[in-house]
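Computed over heavy atoms, backbone and side chain alike; hydrogens, waters and symmetry mates excluded. Counting begins at 1 with the first residue of the sequence.
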Amino acid sequence: MKKKKALNTYYIAVPREYDQFLALILVRDKNNKDIVPVRIQDNSVQAQYNATIYKVDLTHYVESNQEEQLIITETYFNRMSALPKKITIFEDQNVEIYDNPHFFSPYPTEKSQTTYKLASSPIFYTEEDATAKGGNIEYGPYRNDGAFTRSKIRLHFENTRPFPVFKNVTRVIEVSHWGNIAIEDFYKLANEGAELTGEYNKVDFNKYTQHTGKNSLKNLKAKLPYNSWGVYYKDEVGNISTSRAFRDSASNSVDMTIEPRFALLGGWKSNFYIGYNLPAKYTLFVEKADPTNYYLRQNSGLIFKGIMAEEFTIKVILPEGATEINYQFPFPLNEVSEEKSFSYFDFEGRPTFVFKIKNVVDYHDQTFTVNYKFSQNSIIREPLMILAIFAAVFI
C-alpha cells in the first residue's frame with residue numbers, strides 16, 4: 001500500500017447493500033495491534049458510490065514512498081441464505097451468496113485476487129474471471145482497478161451445517177461481598193438454516209441419526225472460567241440433564257457440552273439458562289491504599305465461541321451501598337443505563353448497571369472493569385437486621 005505523503009489515517013469502503021450485515025471490522029497493523037475503525041457520515045460518497053466509509057486511525061505516521069501492511073478482517077452475518085428456503089427432513093441444505101470479487105476501496109488498487117472457500121464443490125458459480133478448484137473458487141487477479149470498483153457474482157453450493165444465532169443474550173452478574181459472584185446467562189437461540197417442511201417424527205429423525213436432518217443443531221460447546229462451580233443448565237420447563245462439564249487445566253477453563261431438550265432443525269428456536277458461581281477472590285479486588293475501593297473484572301464475551309449474538313445485555317448488580325461507580329470497556333457500547341435491583345432486606349436497592357452491545361462476536365471476548373466504593377460497615381447491615389427481627393419475634 002504505497003502512500004504519496006505522510007499520513008496516519010486510512011479509509012475502508014463497504015458496499016451499502018452489505019453494510020447492514022456487517023458485525024465488525026478489525027484492522028491489524030505490522031505491530032500486531034488491533035484497531036477498530038470508526039464509521040463516518042459522508043453523504044456525498046454514499047450517494048455517488050453507494051458505499052459506507054470507515055476511518056482507521058493508524059498508530060504511527062507512514063512517510064512518503066513508505067509501505068505499510070494492514071490486515072483487514074470483516075465479519076458479516078446473514079450474508080448467506082438457504083436456497084431452497086425450505087427442505088424436508090431427508091434433503092440436504094444448499095445456500096447461496098452474492099458478493100463483489102474486487103477489492104472494494106476508496107483508493108485505486110494495483111492488484112487484487114479473491115478466493116472463496118466453500119463447504120463443498122459449487123452447484124453454480126459466476127464463471128467470468130473465475131478458476132474453480134474443488135471447493136475453492138478464485139477470481140482475478142484484477143489489475144489497476146479504480147476506486148470503488150465492483151461487480152456481482154453468485155455462488156450456490158451445499159452446506160449442511162446449522163446456522164446458529166443468538167437472537168438475544170442477557171447476562172446477570174450479582175456481586176456479593178460474602179465471597180461469591182453469581183452469574184446467569186439467558187439465551188434465545190435460533191437455527192436460521194433452511195426451514196423444515198413436511199412431516200417430522202422421531203422414526204425418520206432423532207439426535208443420533210446422521211443421514212437425515214443434517215442441518216440440525218444437536219449440541220453446543222461452551223467454555224466457562226476455570227474456577228466456576230455450581231454450574232447448572234435449564235430452560236422454562238426445568239433442569240436439562242443432557243449436559244457434561246469438566247475442568248480442563250490445559251485450556252484453563254471449564255469445558256461444557258450441552259444438548260438442547262430437542263435438536264434444532266432449520267427455523268426452530270430454543271430458550272435456555274446457564275448459571276455458575278465464581279469465588280470473589282478471583283474477580284473482585286480491593287485497593288490496598290484504600291480498602292473501600294473495589295474493582296470487579298469480568299468477561300464481556302459469550303461462553304460459546306463462533307456464534308454471534310445480535311443483542312447482548314450485561315447487568316451488573318452491585319451490593320447495596322456501593323457509590324462512586326465507574327466502568328471501563330475495551331470497545332464502544334451501544335447503550336448504558338442505570339437501575340435498581342431489590343432482594344431480601346434491601347431498602348434503597350442495589351445499584352445495577354445495564355450494558356448493551358449489538359452484533360457480538362469472538363472479538364468481544366475481553367475483560368471489562370467496574371470500579372466502586374463500598375464501606376465494610378455496610379456488609380453487616382443485613383445480619384444485624386436478621387438479628388433484630390429474631391429478637392423482636394422471640395424475645
Side-chain angles (χ1 to χ4, degrees), residues 23-24 77 164-176 180-190 220-236 239-240 243 245 253-258 260 269-280 282-284 294-319 322 325-343 349-372:
L24 176 72
F77 63 97
V165 175
F166 291 119
K167 308 301 289 184
N168 187 283
V169 180
T170 299
R171 173 171 297 163
V172 178
I173 303 171
E174 187 170 355
V175 180
S176 169
N180 189 65
I181 310 295
I183 300 173
E184 183 177 78
D185 291 355
F186 175 61
Y187 295 90
K188 292 185 177 181
L189 173 65
L220 292 170
K221 298 183 183 297
K223 284 187 176 294
L224 306 180
Y226 183 77
N227 296 294
S228 303
W229 65 276
V231 179
Y232 60 86
Y233 166 47
K234 65 179 184 178
D235 60 11
E236 288 93 338
N239 183 59
I240 305 175
S243 62
S253 64
V254 172
D255 291 355
M256 185 178 184
T257 301
I258 66 170
K269 301 177 181 180
S270 176
N271 300 339
F272 60 90
Y273 298 84
I274 290 181
Y276 55 96
N277 297 276
L278 290 173
Y282 296 112
T283 60
L284 185 62
Y294 288 86
Y295 295 88
L296 174 71
R297 294 190 175 96
Q298 284 289 316
N299 190 280
S300 57
L302 303 178
I303 60 175
F304 299 98
K305 307 309 174 188
I307 305 178
M308 192 198 80
E310 293 182 0
E311 295 181 355
F312 185 26
T313 301
I314 301 176
K315 287 187 176 184
V316 179
I317 304 176
L318 299 175
I325 304 166
N326 297 291
Y327 57 88
Q328 297 85 36
F329 273 77
F331 48 80
L333 300 170
N334 293 99
E335 185 181 334
V336 180
S337 60
E338 186 177 358
E339 59 188 39
K340 294 286 188 179
S341 299
F342 289 87
S343 184
R350 304 183 184 189
T352 302
F353 274 73
V354 182
F355 308 104
K356 293 189 176 182
I357 317 164
K358 292 185 177 181
N359 301 332
V360 174
V361 293
D362 289 351
Y363 164 78
H364 296 95
D365 186 14
Q366 301 187 51
T367 300
F368 72 93
T369 303
V370 177
N371 168 233
Y372 62 94

Quick check: do [X] and [Y] have side-chain heavy atoms less than 4.5 Å from each other?
X    : Y    : value
S300 : F331 : yes
P319 : V175 : yes
V165 : F77  : no
F353 : V370 : no
I307 : L220 : yes
I240 : I258 : no
L296 : T283 : yes
H364 : F312 : no

Only distances under 3.5 Å count here; give the side-chain donor-acceptor pairs of residues 180-189 to other protein atoms, sequence neighbours excluded, each with its distance to 0.1 Å.
| residue | atom | partner | partner atom | Å |
| --- | --- | --- | --- | --- |
| N180 | ND2 | N277 | OD1 | 2.9 |
| E184 | OE2 | Y232 | OH | 2.5 |
| D185 | OD1 | R171 | NE | 2.8 |
| D185 | OD2 | R171 | NE | 3.3 |
| D185 | OD2 | R171 | NH2 | 3.0 |
| D185 | OD2 | Y187 | OH | 2.8 |

By side chain to side chain donor-acceptor pair (under 3.5 Å), which residues pair with [X], not counting sequence neighbours?
X    : answer
T313 : none
N359 : none
D255 : K223, S253
N371 : N293

- Distance-only side-chain donor-acceptor flag, D235 / N271, under 3.5 Å: no
- Task: Please list, chain by chain and in numerical order, all residues satisfying salt bridge (charged side-chain N to carboxylate O under 4.0 Å, His left out) with E174, sequence neighbours excluded.
- Result: R350
Separation of [Y] [atom2] from [X] [atom1] (nearest 0.5 Å):
X    : Y    : atom1 : atom2 : value
L24  : K358 : CG    : NZ    : 15.5 Å
S270 : E236 : OG    : CD    : 7.5 Å
T352 : I173 : OG1   : CD1   : 11.5 Å
F368 : L333 : CZ    : CG    : 9.5 Å
E335 : F355 : CD    : CZ    : 12.0 Å
N334 : K356 : CG    : NZ    : 10.0 Å

Please give me the minimum heavy-atom distance between [X] and [Y], naming the atom from each residue.
X    : Y    : value
Y372 : A322 : CD1-CB, 3.7 Å
M256 : S243 : CE-CB, 4.3 Å
G306 : D362 : N-OD1, 3.0 Å
Y276 : P225 : CE1-CD, 3.8 Å
A280 : S176 : CB-O, 4.4 Å

- Item | Worked verdict on V316 versus Y327 for side-chain contact (heavy atoms from CB on, under 4.5 Å) | CA-CA 11 Å; V316 179; Y327 57 88; over 6 Å; no
- Task: Might you confirm whether atom NZ of K340 has over 12 heavy atoms from other residues, nucleotides or ligands at distances under 6.0 Å?
- Result: yes
- Query: L278 and S228: side-chain contact (heavy atoms from CB on, under 4.5 Å), yes or no, with the steps?
  - Reply: CA-CA 5 Å; L278 290 173; S228 303; 3.7 Å; yes
- Run the numbers on I314 and Q298 for side-chain contact (heavy atoms from CB on, under 4.5 Å), then give the verdict. CA-CA 10 Å; I314 301 176; Q298 284 289 316; over 6 Å; no
